[in-house]
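Please read the structure below before turning to the comments.
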Amino acid sequence: DGGITQSPKYLFRKEGQNVTLSCEQNLNHDAMYWYRQDPGQGLRLIYYSQIVNDFQKGDIAEGYSVSREKKESFPLTVTSAQKNPTAFYLCASSPMTGRTEAFFGQGTRLTVV
Amino acid sequence: AQSVTQLDSQVPVFEEAPVELRCNYSSSVSVYLFWYVQYPNQGLQLLLKYLSGSTLVKGINGFEAEFNKSQTSFHLRKPSVHISDTAEYFCAVTLTSSNTGKLIFGQGTTLQVKP
């Protein structure tokens, strides 16, 4: 079945450690996105990519990094510079034109202790 | 800049009652509009979208929404809710001119359906 796979579903890390969240899609979509979700704040865009080997910062990119070496994959690294990393992270993909909705993965809940 | 405001953070309602979740947007250019639903600890699923044409849009699970350009609103409605509709609902927009597909989300509304 076509879709977006995020792994792991739950992730625990110690403060000061970098951690990488995986996102893979088999929908052949050009664009991929990372959103952060916090209670009462909706979804905020971290990074997005429209093509392999290219990506742009979203609204809250500080403390995060991404790569897009393959069309299917868009991993997100939460670095130690991110001051409040505990959150629910959602990956999405779309064919890039606004007329088609974005498709979302099941999310990764990151807890930093 | 565009923004989306969901006017209610929580909406409690009894089972089989009607419900309306309100969404207003701000944009100087034309937008496409979406409603998504999120069940606990899951991703977002599309309920419905407005691209053009009829302002009344029907979606999955019996939901519908009406686009009102003069009031810049896109309220979501269901005539009779079920316990299974308990979830968080997000309104989102993207520019019709966008070549990135970026979505701007509202803060979300938690629908709590009581027996």
Side-chain angles (χ1 to χ4, degrees), chain A residues 3-11 21 23 25 27 29-51 54-61 74 87-111, chain B residues 1-11 21 23-25 27 29-53 57 59-60 65 74 87-110:
Chain A
I4 301 177
T5 301
Q6 289 187 243
S7 61
K9 190 169 179 63
Y10 298 95
L11 191 54
L21 283 59
C23 178
Q25 56 103 355
L27 299 168
H29 286 166
D30 290 310
M32 297 187 74
Y33 315 85
W34 275 105
Y35 291 91
R36 171 179 170 140
Q37 184 178 12
D38 296 284
Q41 296 194 47
L43 279 71
R44 294 179 290 168
L45 183 64
I46 304 173
Y47 268 97
Y48 66 101
S49 169
Q50 298 172 255
I51 195 170
D54 189 36
F55 46 83
Q56 287 76 40
K57 293 182 179 180
D59 301 316
I60 55 165
F74 191 42
F88 191 53
Y89 291 88
L90 287 159
C91 179
S93 72
S94 83
M96 202 161 66
T97 63
R99 292 185 64 85
T100 305
E101 68 272 19
F103 293 80
F104 284 81
Q106 293 298 293
T108 293
R109 186 166 297 281
L110 173 64
T111 303
Chain B
Q2 294 72 41
S3 65
V4 178
T5 302
Q6 292 182 240
L7 297 161
D8 306 293
S9 60
Q10 295 188 5
V11 174
L21 306 183
C23 172
N24 285 90
Y25 68 94
S27 177
V29 296
S30 61
V31 296
Y32 297 130
L33 299 121
F34 304 84
W35 274 100
Y36 285 87
V37 61
Q38 183 183 36
Y39 300 102
N41 291 312
Q42 293 192 24
L44 275 65
Q45 178 185 2
L46 183 73
L47 277 177
L48 49 79
K49 60 186 177 183
Y50 174 78
L51 303 180
S52 63
V57 180
I60 63 171
F74 190 52
E88 190 156 21
Y89 292 79
F90 291 96
C91 181
V93 304
T94 189
L95 301 181
T96 60
S97 59
S98 172
N99 65 351
T100 66
K102 288 193 298 179
L103 289 166
I104 301 163
F105 285 88
Q107 301 89 330
T109 297
T110 300

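For the numbers below, each heavy atom of this structure counts, side chains included, while hydrogens, waters and symmetry mates do not. Residue numbering restarts at 1 for every chain, and letters A, B, ... go by the order of the sequence lines.
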Self-check item: Within 6.0 angstrom of A:Lys9 NZ, more than 12 heavy atoms from elsewhere
Solution: yes
What is the distance from atom [atom1] of [X] to atom [atom2] of [Y], rounded to the nearest 0.5 Å?
| X | Y | atom1 | atom2 | value |
| --- | --- | --- | --- | --- |
| A:Glu101 | B:Leu47 | CD | CG | 11.0 Å |
| A:Phe104 | B:Tyr36 | CZ | OH | 5.0 Å |
| A:Gln37 | B:Phe90 | CD | CZ | 4.5 Å |

Against chain A, label [X] side chain, backbone, both or neither, depending on which of its atoms sit under 4.5 Å from a heavy atom there.
| X | value |
| --- | --- |
| B:Glu88 | side chain |
| B:Leu46 | side chain |
| B:Gln6 | neither |

The complete set of salt bridge (Lys or Arg N to Asp or Glu O under 4.0 Å) pairs with one or both residues in residues 33-43 of chain A, sequence neighbours excluded, reads A:Arg36-A:Asp38, A:Asp38-A:Arg44
Shortest non-hydrogen pair, A:Phe88 vs B:Asn41, comes out as CZ-C, 4.1 Å
How about A:Tyr48 and B:Leu103: do any of their side-chain heavy atoms sit closer than 4.5 Å?
-> no
Okay, A:Gln41 and chain B: the region with an atom under 4.5 Å from a heavy atom over there is backbone
So, the part of A:Leu45 with a heavy atom under 4.5 Å from chain B: the answer is side chain
Highest number of heavy-atom pairs under 4.5 Å with chain B among A:Gly107, A:Gly40, A:Pro39, A:Cys91 belongs to A:Gly40
